[in-house]
Amino acid sequence: MVELFLSVALGYLIGSIPTAFLVVRLKAGIDIRKSGSGNVGAFNTFDVTGSKKIGLLVGILDALKGFIPTLVAGQILHISFWMQAMVFFAILVGHIYPVWLRFHGGRGLASAAGGSFAIGISYTIIWCAIWLIFYKIIKDINRANVIAILATPLLLLLIPSAWIEMLMMRQISATDYTVCSITLSALLLLSHWDVLVNKSKVRS
């Protein structure tokens, strides 16, 4: 229990590192929370700075924030899958609700993609495919995000288990992976709550 608490706490603190806030403040002297959409993420970084390089840098750093701790937990420390998943979820919660920025963070998509690569890439591949299709149709980034977040676990339930297990970083069942993916989607929906209730059309 102590090991789980410490792992989750460390994951949360790593996730809470406000990458976009720090990079934009350093590169442009701007508080990203008060600019653009106010979202502390890669897309708003690009929006605020007008620099694809800075936006990409933040996206990569956020992805690594999800990938490295999740990979270390599973592949180096060899903790159980569900403890590894708890570390991954804690990273996302930290990114969405960072203690250093009074719990005002980003949407968590880059960190989710990074963490997913450390467990199994089926979620990310399906999410990206759905997002591309619906973004081409509706031309709305956030609504395409939500559709992909909702649809990805459903597709994971439909595709053959062998396909999912083939893309795993460790030996876990397709059922465990799907349950993990449903939890992941639930967390990402929290960061898109404004889109779900149609109160805002801000971009991530």
Side-chain angles (χ1 to χ4, degrees), residues 1-24 32-33 39-45 57-128 145 148-149 152-153 156 164 167-193 204:
M1 184 61 70
V2 174
E3 183 183 6
L4 175 61
F5 174 80
L6 292 175
S7 298
V8 168
L10 182 59
Y12 174 80
L13 291 175
I14 293 172
S16 288
I17 298 171
T19 310
F21 176 83
L22 294 172
V23 171
V24 173
I32 193 173
R33 297 170 299 174
N39 199 275
V40 188
F43 192 86
N44 196 39
T45 295
L57 172 63
V58 169
I60 291 172
L61 291 175
D62 281 344
L64 290 174
K65 194 167 64 173
F67 176 73
I68 294 174
T70 307
L71 183 71
V72 169
Q75 304 301 320
I76 297 177
L77 299 180
H78 301 292
I79 62 178
S80 70
F81 166 68
W82 282 110
M83 190 179 291
Q84 180 190 25
M86 291 296 292
V87 171
F88 177 31
F89 299 151
I91 292 167
L92 289 182
V93 172
H95 181 86
I96 298 167
Y97 305 109
V99 63
W100 318 115
L101 298 182
R102 298 182 180 180
F103 308 105
H104 178 85
R107 299 211 185 269
L109 293 171
S111 294
S116 293
F117 265 79
I119 295 174
I121 62 173
S122 298
Y123 186 99
T124 303
I125 291 172
I126 294 172
W127 189 96
C128 289
N145 288 351
I149 290 166
T152 298
L156 284 170
I164 298 174
L167 298 173
M168 297 293 190
M169 288 290 289
R170 62 183 299 176
Q171 289 187 335
I172 58 173
S173 70
T175 300
D176 281 344
Y177 184 79
T178 302
V179 173
C180 176
S181 298
I182 291 170
T183 307
L184 172 57
S185 281
L187 288 173
L188 293 176
L189 285 176
L190 286 177
S191 71
H192 287 78
W193 191 250
S204 60

Could you give the side-chain donor-acceptor pairs of residues 61-79 under 3.5 Å, partners two or more places apart or in another chain?
from	atom 1	to	atom 2	distance (Å)
Asp62	OD1	Thr19	OG1	2.9
Asp62	OD1	Lys65	NZ	3.4
Lys65	NZ	Gly15	O	3.1
Lys65	NZ	Ile17	O	2.8
Lys65	NZ	His95	ND1	3.0
Thr70	OG1	Gly66	O	2.7
Gln75	NE2	Met169	O	3.2
His78	NE2	Gln75	O	3.3

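Counting only distance, with no hydrogens or angles, the side chain of Tyr12 and the backbone of Val99 share a donor-acceptor pair below 3.5 Å. Judged by distance alone, with hydrogens and angles left aside, the side-chain atoms of Tyr177 form no donor-acceptor pair with the main-chain N or O of Ile164 at under 3.5 Å. Between the side chain of Asn39 and the main chain of Asn44, no donor-acceptor pair closer than 3.5 Å is present.
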- Message: Leu167 vs Ile125, test: side-chain contact (heavy atoms from CB on, under 4.5 Å). Steps then yes/no.
- Response: CA-CA 10 Å; Leu167 298 173; Ile125 291 172; 4.1 Å; yes
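Residues Leu190 and Tyr97 meet the side-chain proximity criterion, which asks for heavy atoms closer than 4.5 Å.
Atom CH2 of Trp100 has 12 or fewer neighbouring heavy atoms from other residues, nucleotides or ligands inside a 6.0 Å radius.
Contact between Ser181 and Pro153 at its shortest, heavy atoms only, is O-CG, 4.0 Å. Annotation for Val87 and Ser7: closest pair CG2-CB, 3.7 Å, computed over non-hydrogen atoms. The two residues Gly41 and Thr45 have their closest heavy-atom pair at O-OG1, 2.7 Å. Summarising the geometry of Ser116 relative to Phe88, their closest heavy-atom pair is N-CZ, 3.7 Å, with the distance given to 0.1 Å. Between Leu184 and Phe89, the shortest heavy-atom distance links the atoms N-CE2, 4.1 Å.
When the side-chain hydrogen bond (donor to acceptor under 3.5 Å, both in side chains) test is applied to Tyr123, the partners found at least two apart in sequence or on another chain are Ser185.
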